Number of protein chains: 2
Amino acid sequence: MFEILFLHLLKKVSLSHEEQDIIKSFFIVKKLRKRQYLLQAGDVCKYLCFVEKGLLRSYNVDDKGIEHMNMFAWEGWWTSDMYSFFTGEKAVINIDAIEDTELLMITMEGFEKMTLIVPKMDRYFRILFQNSLITKERRLISSITHTAEEKYTNLVESNPTLVQRVPQNLIASYLGLAPETLSRIKKNIALRK
Amino acid sequence: MFEILFLHLLKKVSLSHEEQDIIKSFFIVKKLRKRQYLLQAGDVCKYLCFVEKGLLRSYNVDDKGIEHMNMFAWEGWWTSDMYSFFTGEKAVINIDAIEDTELLMITMEGFEKMTLIVPKMDRYFRILFQNSLITKERRLISSITHTAEEKYTNLVESNPTLVQRVPQNLIASYLGLAPETLSRIKKNIALRK
DNA sequence: AAACACACTTGATCCAGATCAAGTGACATT
DNA sequence: AATGTCACTTGATCTGGATCAAGTGTGTTT
């Protein structure tokens with residue numbers, strides 16, 4: 001159950017067996033069925049979640065009821081509404097399962113304790129957040145700078161698996177496009193070949 | 001020279017005088033004149049920089065030569081091309097000074113050593129990156145979800161100082177808008193009052 | 001096999017914001 | 001005082017992508 005988690009932790013920091021056991025003790029295992037919610041906007045996000053198996057989507061819904069995809073999380077990814085998790089304020093995003101999913105979850109209190117007992121976890125999360133920040137930075141630049149087609153081809157290049165695993169309307173939403181637009185873009189790309 | 005830095009560090013972690021001295025020893029002081037470059041795209045970003053005084057902008061330039069503002073950094077902010085800094089690859093962004101600026105800079109090797117000698121710095125940067133990530137996440141959602149006017153009013157609310165301190169064309173670029181569009185938006189808002 | 005749902009496509013029209021092109025007004029330089 | 005320059009405004013036009021409204025095709029339920 002903890003295989004993927006430690007695979008990821010050990011890539012970034014070294015941990016004794018004892019430390020590994022301490023870390024394990026802070027996590028709760030949870031399984032989600034396809035379409036089941038992990039978090040609904042308005043609730044407080046109680047857990048930071050690591051995906052051992054499956055696929056989740058996090059998205060927010062605007063005033064007009066339109067869903068805007070935020071990120072996808074599959075094996076080896078962490079997900080939560082970070083803002084809500086760390087501040088205890090109400091979440092603005094929703095998270096639900098696109099596929100049946102197995103999660104490892106930790107509470108904020110657990111997280112705080114864990115980092116104090118095993119300071120290497122501060123290091124792990126420093127590196128993790130650092131990398132996410134780099135990725136987010138690039139995506140932000142891309143969302144402002146590039147055309148719809150460039151955004152799509154960038155995504156396909158940087159994340160080929162995602163495009164295969166996730167329905168096209170969600171990919172469109174992730175890129176900030178109408179589903180029709182993505183459909184036309186794909187057609188144009190195919191025609192040009 | 002290190003006042004603002006330690007003000008910020010001590011908000012997030014406690015540090016002995018000894019630790020503070022060690023940290024100081026890793027930093028280089030640098031002054032920049034208005035309009036002077038800190039980093040040009042194509043060079044490797046050698047330093048992670050903390051702004052003690054002044055104001056910097058980081059931006060990238062697209063194929064058509066158009067500048068896209070990425071972020072602003074003033075007193076108490078860190079800046080760099082994180083990707084380039086941590087990987088040693090060529091930078092894609094430019095950083096230059098909007099006002100005369102005083103910086104504290106650390107190299108990647110320095111950063112690595114510092115976190116190993118003073119693990120609390122891992123904690124500091126974990127929290128720093130965590131907060132930046134939350135902010136970036138919000139900005140990304142905003143850039144996809146909101147209209148031009150909503151983006152602007154959001155910025156004014158969340159960052160009133162920035163709007164006063166930075167020329168309007170740079171604000172427009174930061175929001176992904178043409179300068180003319182921002183001008184018209186401001187006019188409309190004023191008219192409605 | 002008929003009916004339905006789901007994921008995607010195609011076409012016609014519309015609109016927010018970009019682009020191009022002249023202003024305007026407040027300082028700075030000569 | 002005239003000239004230049006910088007930051008912004010205003011107007012006219014254009015366009016990428018959204019929106020609305022029918023399809024189509026495949027798999028699933030009855």
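Per chain, numbering begins at 1; letters A, B, ... match sequence-line order. Keep in mind that what you see is a predicted model, and the values were worked out from it rather than measured.
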(message) How many whole angstroms separate atom CG of L182(A) from atom P of dT10(C)?
(response) 13 Å
(message) Can you see whether Y174(A) has R57(A) sitting over its ring - NZ or CZ less than 6.0 Å from the centre and within 45° of the normal?
(response) no
(message) Is there a side-chain contact between T101(A) and K53(A) in this structure, where contact means two heavy atoms from C-beta onward sitting under 4.5 Å apart?
(response) no
(request) Return the 5'-most residue of the pair R35(A), K187(A) with respect to DNA chain C, ranking by each residue's nearest nucleotide. (result) R35(A)
(request) Starting from the first five and the last five pairs of the helix from dA1(C)-dT30(D) to dT30(C)-dA1(D), work out the angle between the resulting helix axes, to 10 degrees. (result) 30°
(request) Check whether any side-chain nitrogen or oxygen of S183(B) sits under 4.0 Å from OP1 or OP2 of dT9(D), and answer yes or no. (result) yes
(request) May I have the distance from L191(A) (atom CG) to dT9(C) (atom P), rounded to whole angstrom? (result) 12 Å
(request) Please state how far atom CD in E180(A) lies from atom C1' in dG11(C), giving the value in whole angstrom units. (result) 11 Å
(request) Heavy atoms only: give me the nearest I93(A)-L39(A) pair and the separation to one decimal. (result) O-CD2, 3.7 Å
(message) Without decimals, in angstroms, what is the distance between R184(B) CZ and dG23(C) P?
(response) 16 Å
(message) Any salt bridge linking D100(A) with K34(A)? Criterion: basic side-chain nitrogen under 4.0 Å from a carboxylate oxygen.
(response) no
(message) Show the nearest heavy-atom pair for residues L104(B) and F2(B), with the distance to one decimal.
(response) CD1-CD2, 3.8 Å
(message) Rounded to whole Å, how long is the line connecting atom CD1 of I185(A) with atom C1' of dG16(D)?
(response) 10 Å
(request) Report the relative orientation of the aromatic rings in W78(A) and F27(A); use parallel for angles under 30°, tilted for 30 to 60°, perpendicular for over 60°. (result) tilted
(message) Between R165(B) and E75(B), does any NZ, NE, NH1 or NH2 come within less than 4.0 Å of an OD or OE carboxylate oxygen?
(response) yes
(message) Using whole Å, what does the distance between atom P of nucleotide dC6(C) and atom NZ of K34(A) come to?
(response) 11 Å
(request) Using the six-membered ring of Y83(A), assess whether NZ or CZ of R138(B) lies under 6.0 Å from its centre and within 45 degrees of the ring axis. (result) yes
(message) Can you list, in residue-number order, the parts of residues 139-176 of chain B that come under 4.0 Å of DNA chain C, counting heavy atoms only?
(response) T147(B), A148(B), G176(B)
(request) Would you confirm whether D81(A), through its side chain, and V92(A), through its main-chain N or O, come within 3.5 Å as a donor-acceptor pair? (result) yes
